[in-house]
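Notes follow the structure.
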2 protein chains.
Amino acid sequence: MSNLSSTFAALGDATRFAIVEKLLQEGELPAGELRSVGQISAPAISRHLKVLRKAGVVEQRIDAQRRLYSVRPEAVQAIGAWSMSYRDFWQKSLDRLEMALIKESKKK
Amino acid sequence: MSNLSSTFAALGDATRFAIVEKLLQEGELPAGELRSVGQISAPAISRHLKVLRKAGVVEQRIDAQRRLYSVRPEAVQAIGAWSMSYRDFWQKSLDRLEMALIKESKKK
DNA sequence: CTTTTGTTTAACTATTATGTTAATTAACAT
DNA sequence: ATGTTAATTAACATAATAGTTAAACAAAAG
């Protein structure tokens with residue numbers, strides 16, 4: 001599986017996506033704090049974090065008995081780079097679409 | 001599930017990701033042509049296309065008995081927009097990382 | 001040393017996803 | 001009409017995922 005596809009797979013679960021968004025917005029957080037993304041048990045969160053870590057989306061730092069998690073910037077950037085590598089395609093397509101809509105509105 | 005998370009889920013399967021990449025590179029293609037992304041049966045491809053369509057990643061156009069598929073530009077753009085909405089975060093983080101690496105190399 | 005706090009691993013269950021072959025639908029060509 | 005081509009839906013088997021509670025582990029605090 002391509003590296004990017006695993007990244008997408010990791011983010012393709014609603015709970016994991018919420019975890020990542022929370023980490024992006026609030027910065028590094030201990031595993032326990034992430035339970036607030038939904039009503040979910042600590043073991044479940046722990047396993048989601050393991051998946052995210054394995055996919056290279058988050059990293060872990062140890063502080064005493066706590067495990068602090070944060071988003072790996074490379075992961076978010078890689079996603080952007082993928083989208084941008086097809087920018088020509090979607091930019092042009094969307095431009096054409098907009099043109100068509102303007103023409104349509106002028107007809108009336 | 002957030003719209004973006006479903007998009008990620010759709011792309012989080014290696015076969016589907018390959019389908020999307022092929023469509024991005026070669027443009028609109030009939031379902032049958034997409035079997036070449038791997039050794040996979042036609043029904044399997046058909047179901048993957050259904051998942052991609054449901055997630056809004058591809059769209060279908062009918063031409064006689066063929067079903068022509070293409071990538072929806074909005075989907076790829078939405079992914080880029082998400083990444084870019086956190087650009088400040090990853091740009092700064094990567095800059096810091098680079099700085100640290102340069103310092104490290106000068107130590108030797 | 002015992003308890004508390006934070007987190008992970010184990011064991012198990014339920015649901016979902018993926019792939020296969022067979023059957024069906026749809027349009028075209030003879 | 002009949003066969004051919006293109007694709008989907010049906011039915012089924014198997015594998016993977018996500019959740020739970022209970023147990024284990026690690027460090028801190030009493």
Side-chain angles (χ1 to χ4, degrees), chain A residues 1-23 26-72, chain B residues 1-23 26-72:
Chain A
M1 183 133 99
S2 96
N3 189 41
L4 201 52
S5 188
S6 333
T7 302
F8 286 145
L11 294 169
D13 173 88
T15 303
R16 285 194 293 268
F17 185 70
I19 287 173
V20 171
E21 288 255 276
K22 192 177 173 79
L23 289 176
E26 307 189 15
E28 194 183 49
L29 287 174
E33 287 281 312
L34 294 165
R35 287 192 63 185
S36 63
V37 299
Q39 44 162 62
I40 193 165
S41 65
I45 288 289
S46 180
R47 292 181 70 202
H48 279 305
L49 287 167
K50 199 175 185 176
V51 172
L52 287 168
R53 200 139 69 99
K54 204 169 170 183
V57 177
V58 304
E59 61 193 344
Q60 189 196 58
R61 188 168 71 86
I62 294 175
D63 167 48
Q65 72 269 62
R66 295 188 313 169
R67 301 290 179 269
L68 300 172
Y69 289 90
S70 53
V71 176
R72 289 191 59 239
Chain B
M1 183 133 98
S2 98
N3 189 40
L4 199 54
S5 188
S6 331
T7 303
F8 286 145
L11 294 169
D13 173 89
T15 304
R16 285 194 294 267
F17 186 69
I19 288 173
V20 170
E21 288 253 277
K22 191 177 174 79
L23 289 175
E26 306 189 15
E28 193 182 51
L29 288 173
E33 287 281 313
L34 294 165
R35 286 191 64 184
S36 63
V37 300
Q39 46 163 63
I40 192 165
S41 64
I45 288 289
S46 181
R47 293 180 70 204
H48 279 306
L49 287 167
K50 199 176 186 178
V51 172
L52 286 167
R53 200 139 70 98
K54 203 169 172 185
V57 177
V58 305
E59 61 192 346
Q60 189 196 59
R61 190 168 70 85
I62 294 174
D63 166 49
Q65 72 271 60
R66 294 189 312 166
R67 302 289 178 269
L68 300 172
Y69 289 90
S70 54
V71 175
R72 292 191 57 238

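Letters go in sequence order (proteins before strands), and every chain restarts at 1.
- Side-chain atoms of A:Arg67 and A:Ile62, non-hydrogen and from C-beta on, do get closer than 4.5 Å to each other.
- Going from atom CG of A:Asp63 over to atom P of C:dT7 covers 10 Å, rounded to whole Å.
- Heavy atoms of A:Arg16 sit under 4.0 angstrom from primed sugar atoms or phosphate atoms, though from no base atom.
- Look at A:Lys50 and you'll find a side-chain N or O under 4.0 angstrom from OP1 or OP2 of C:dT9.
- Phosphate proximity of C:dT7 to A:Gln60: absent, as no side-chain N or O sits under 4.0 Å from OP1 or OP2.
- Considering only the side chain of A:Arg47, D:dG19 comes nearest among D:dG19, C:dG19, D:dA6.
- Counting heavy atoms from C-beta on, the side chains of A:Ile45 and A:Val37 come closer than 4.5 Å.
- At the heavy-atom level, A:Ala42 lies under 4.0 Å from base atoms of the strands shown.
- In terms of position on DNA chain D, the residue among A:Ala44 and B:Tyr69 whose nearest nucleotide sits closer to the 5' end is B:Tyr69.
- Nearest to the side chain of A:Ala64, among D:dA27, D:dT8, D:dG19, sits D:dA27.
- Picking from C:dC28, D:dA27, C:dT7 the nucleotide with the shortest atom distance to the side chain of A:Gln65 gives D:dA27.
- Atom CZ in A:Arg61 sits about 13 Å away from atom P in C:dT7, given to the nearest Å.
- Regarding contacts with the backbone of C:dT7, every side-chain N or O of A:Ser41 stays at 4.0 angstrom or more from both OP1 and OP2.
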**Item:** Pair B:His48-B:Ile40, side-chain contact (heavy atoms from CB on, under 4.5 Å): steps then yes or no
**Value:** CA-CA 11 Å; B:His48 279 306; B:Ile40 192 165; 4.2 Å; yes
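- In the set D:dG19, C:dT18, C:dG19, C:dT18 carries the atom at the smallest distance from any side-chain atom of B:Asp13.
- Projected onto DNA chain D by closest heavy-atom contact, B:Arg67 and A:Ile40 fall at different nucleotides, the more 5' of which corresponds to B:Arg67.
- In this pair, A:Phe8 and B:Phe17 present their aromatic rings tilted. The plane angle is within the 30 to 60° band.
- For A:His48 and D:dT17, the shortest distance from a side-chain N or O to OP1 or OP2 is not below 4.0 Å.
- Between the side chain of B:Ser5 and the backbone N or O of A:Leu11, at least one donor-acceptor pair lies under 3.5 Å.
- In the set D:dG19, C:dT8, D:dT8, the nucleotide with an atom closest to the side chain of B:Pro43 is D:dT8.
- Taking atom CG of residue B:Leu29 and atom P of nucleotide D:dA7, one finds them 10 Å apart after rounding to whole Å.
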